[in-house]
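Just below is one structure, and these are the notes that go with it.
Here is the naming used below: chain letters follow the sequence lines, and residue numbers restart at 1 for every chain. The basis for the numbers below is simple: all heavy atoms, side chains too, and nothing from hydrogens, waters or symmetry mates.
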Amino acid sequence: MNRKNFLFLACGVGLLSGCHKADDGAAPVLGGEVKSRGLIGVSLLTLDNPFFKVIGDTISAEGGKLGYQTVVVSGDRDVAKQGNQIKDFIVKKVSAIVLSPCDSKSIIPVIQEANAAGIPVFTVDIPCHEPGVTIVTQVATDNYGGGKEAGRAMIEALGEAGGKIAILHLKQAESCLLRVKGFREVIAEHNAGGKGMVEIVTELESGGAKDLGYKAAEDAVQAHGDLRGIFAINDPAALGARAALEKAGKAEQIRIVGFDGQPEGKLAIKEGRIYADPIQFPDKMGAQIVEAIVKHSKGESLPAQILIPTSLYRQADAMKDASLQ
Amino acid sequence: MKIFLQKAAAHYGMIGVLLLLCVFFSAVTYSDQSPAGAAGAAQVAAEVGGMGGAPQVLLVSSAQPGDAAFAAALARELPGRGARVVAAVSGEPQAAREALRQLVADGVRLDAIACTQTAGAWLLFADLAADFPELGRPRLVTPRSYRWPNFLKTENLLNIANQIAVIAIMAIGMTLVIVTGGIDLSVGSLLALAAVLVARLIRDYAGGVAATAWGMGLAGMAAVAACGVAGAFSGVMVTRFRIPPFIVTLAMMLVASGMAFILAEGQSIYQLPDGFIWLGRGASFGGVPNAVVLMVVLYGLAHVGMSRMSAGRYLYAVGGNREAARLAGVPLTGVLLGAYTVSGLLAGVGGVIMASQLKSGSATYGNMYELYVIAAVVVGGTSLSGGEGKMSGTLIGAFTIAVIQNGMNLTNVESYTQKVVLGLVILGAVMLDKMRQAR
């Protein structure tokens, strides 16, 4: 891919024609037996988040092993741009479209166009459960289960004393609603036991980003001086919150539980700046998508949703993690 | 003749760049296409007929447009050539697998599977011998492919026009403003505001999903008018208070974007009737999308206005030398006010079209669009210092950007590289144009 891009770049800059043939659609025989199975068009929410980058890279790698070519583009959170990308996929007659919608509602007409063109559509991470669209299958993290794990981690972090905690939310994301739902259920269950009560005193909007997470945590600390824990719905928000706590001198008093397990988040766990993360497995999600595409093409039946469980990642796990050495 | 050509080259140098880009993308997207419909069916029927004997055939088509015609034509033609259609499937691979299972259960032997090229690529058929040995060794017959550039397919060319319609329409207003020596940074946010406004008006006041065409039309006009008012407000700030256009429209960009988010309550508004997509995705005029028709009409009007009417002359005069224009009696305030108002109105039109294309309104639309619009205008040969520029140039500039974006999507260039290439090509195109003009 890189070489092709480079060549393309050279051609584009020179505005010269015919210097390179970008091969698509043709069916060359690759290394003996494996024939090209066609092209998978992938349009992800964004590629500046490593989570989606890993999904895209895994689809390319796994698809490549099976003889699929892939093109991975970023919707840049702009649903109109993503719509254009999908329309271009349809013109190219790709064998499958993989999508994480920038907006589950606004993307509907575009998915309907793909449906009408007879191209199977798969969603990854962000679902589109709307009437009138046909999605072959949805691959996502088990966010509800992950939220429960986060709840257990929080209880463990606070220990017997319990205490007040805040949630840094991202309410427009369905995945985050599920995470907080699971989290709240575990906390409520724990409180029913009557020991080491954990009280959720506030739920603030964090935008799932460092800057807004920073502000939200600052406000939470101002409002509740005796806060003992923060659950942030993703790593950027958790890292933003940690920065605010360090500035306010409350880093020792307040424990943070994040979500995701991005490299930066994992490093923070290793350094003890975040207590623990339920981590997601974008690589497994990418591999599942490719498997689903193959199964669909073979005419096998698929469930409407494939959930990938999270796993809790603490400091001890980070110490052993080869990717952080 | 030679002088004419030189003149044309000087005026329309960008059209050469656009054509070069088209040639380039046609060359690199030259690839296999499968004949659809009856033409493909005739080929397949001939090939199956040539197999001799009385072949038993399974007919498979996917759900693509033209596949129904393919299946119908084959079902009609095959018996005449001595073949027997034992089953016909259309749709998903799963349906085909079911049909194969059924054939095995019935103890049927297959001699051929006649299918469209898409269906022929299903992995189901690749593993046929292993999964269904009972069927014998059927031959997979698909239409022979021919070669033609993906880029030059009619549907793709219409696709490009439809994708750029919004930016091209907004670029008309931007050209007016830039010709006067100003700039309008607020158009992207005004687009979002118009999209949210039209969606909310339809949802809350025109009856939501049951809204009538009249209701939708009025809501659309109200949204466009609101953006016109915002544009006029910018114009007043520029003329009456002499605040630089960059600052005024930067402020308007923030105000409009914030208002769009407030009105949309941070969500997308989607409770709209199905008929609402007529403007953005319908094609009532011989297959040409309505948004493209609207774009062409608006460009026609703008071209006449700019080159044949006094208002257009005034714009150039104001942009060329403001003091001289004032002394010559050009109504400065009116001209500037008009330019910003039209820019606002057209941003509103863009917003309504985008809401219609996506059948929803959201405050996140139009992010960075002001820059693409400005790029289209500048690539089209309009000078940022004012007094110079053509509507036809702007249209060419808009298409240049659209062709680059579409072409890169068609040639599997990934997103990061796309941005680099787009930036460099915009720069290169303008540079080429300048060099040609200097000669």
Rounded distance (nearest 0.5 Å) linking atom [atom1] of [X] with atom [atom2] of [Y]:
X	Y	atom1	atom2	value
A:Lys81	B:Gln163	NZ	CD	12.0 Å
B:Thr364	A:Arg77	OG1	CZ	11.0 Å
A:His296	B:Leu123	NE2	CG	11.0 Å
B:Asn406	A:Lys87	CG	NZ	11.5 Å
B:Ser268	A:Lys105	OG	NZ	6.5 Å

Tell me, side chain or backbone of [X] under 4.5 Å from chain B's heavy atoms, or both, or neither?
X	answer
A:Ala80	both
A:Lys93	side chain
A:Val42	neither
A:Val73	both

What's the shortest heavy-atom distance between [X] and [Y], and which atoms?
X	Y	answer
A:Pro109	B:Gln357	CG-O, 3.8 Å
A:Asp88	B:Leu410	O-CD2, 3.7 Å
B:Asp127	A:Lys298	OD2-CE, 3.0 Å
B:Arg97	A:Gly299	CD-O, 3.2 Å

### Task
Assess whether atom CD of A:Gln305 is packed by more than 12 heavy atoms of other residues, nucleotides or ligands within 6.0 Å.
yes
#### Entry: Selection from A:Val79, A:Val136, A:Ile107 maximising heavy-atom pairs under 4.5 Å formed with chain B
A:Val79
### Task
Sort out for me which of A:Ala117, A:Ser43, A:Pro120 touches chain B most, counting heavy-atom pairs under 4.5 Å.
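Most heavy-atom pairs under 4.5 Å with chain B: A:Ala117.
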Any side-chain heavy atom of [X] within less than 4.5 Å of one from [Y]?
X	Y	result
A:Asp78	B:Met368	no
B:Ser362	A:Asp103	yes
A:Glu113	B:Arg281	yes
B:Asn159	A:Asn84	no

Between [options], which shows the greatest number of heavy-atom pairs under 4.5 Å with chain A?
options	answer
B:Phe151, B:Phe125, B:Tyr365	B:Tyr365
B:Met354, B:Glu92, B:Lys153, B:Gln94	B:Gln94
B:Leu358, B:Asp131, B:Asn367	B:Leu358
B:Gln33, B:Lys359, B:Lys419	B:Lys419

### Message
Checking the side chain of A:Lys92 only, and the main-chain atoms of B:Asn409 only, is there a donor and an acceptor separated by less than 3.5 Å?
### Response
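It does hold such a pair.
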#### Entry: Proximity breakdown for B:Ala355 and chain A, heavy-atom pairs closer than 4.5 Å
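Neither; nothing under 4.5 Å.
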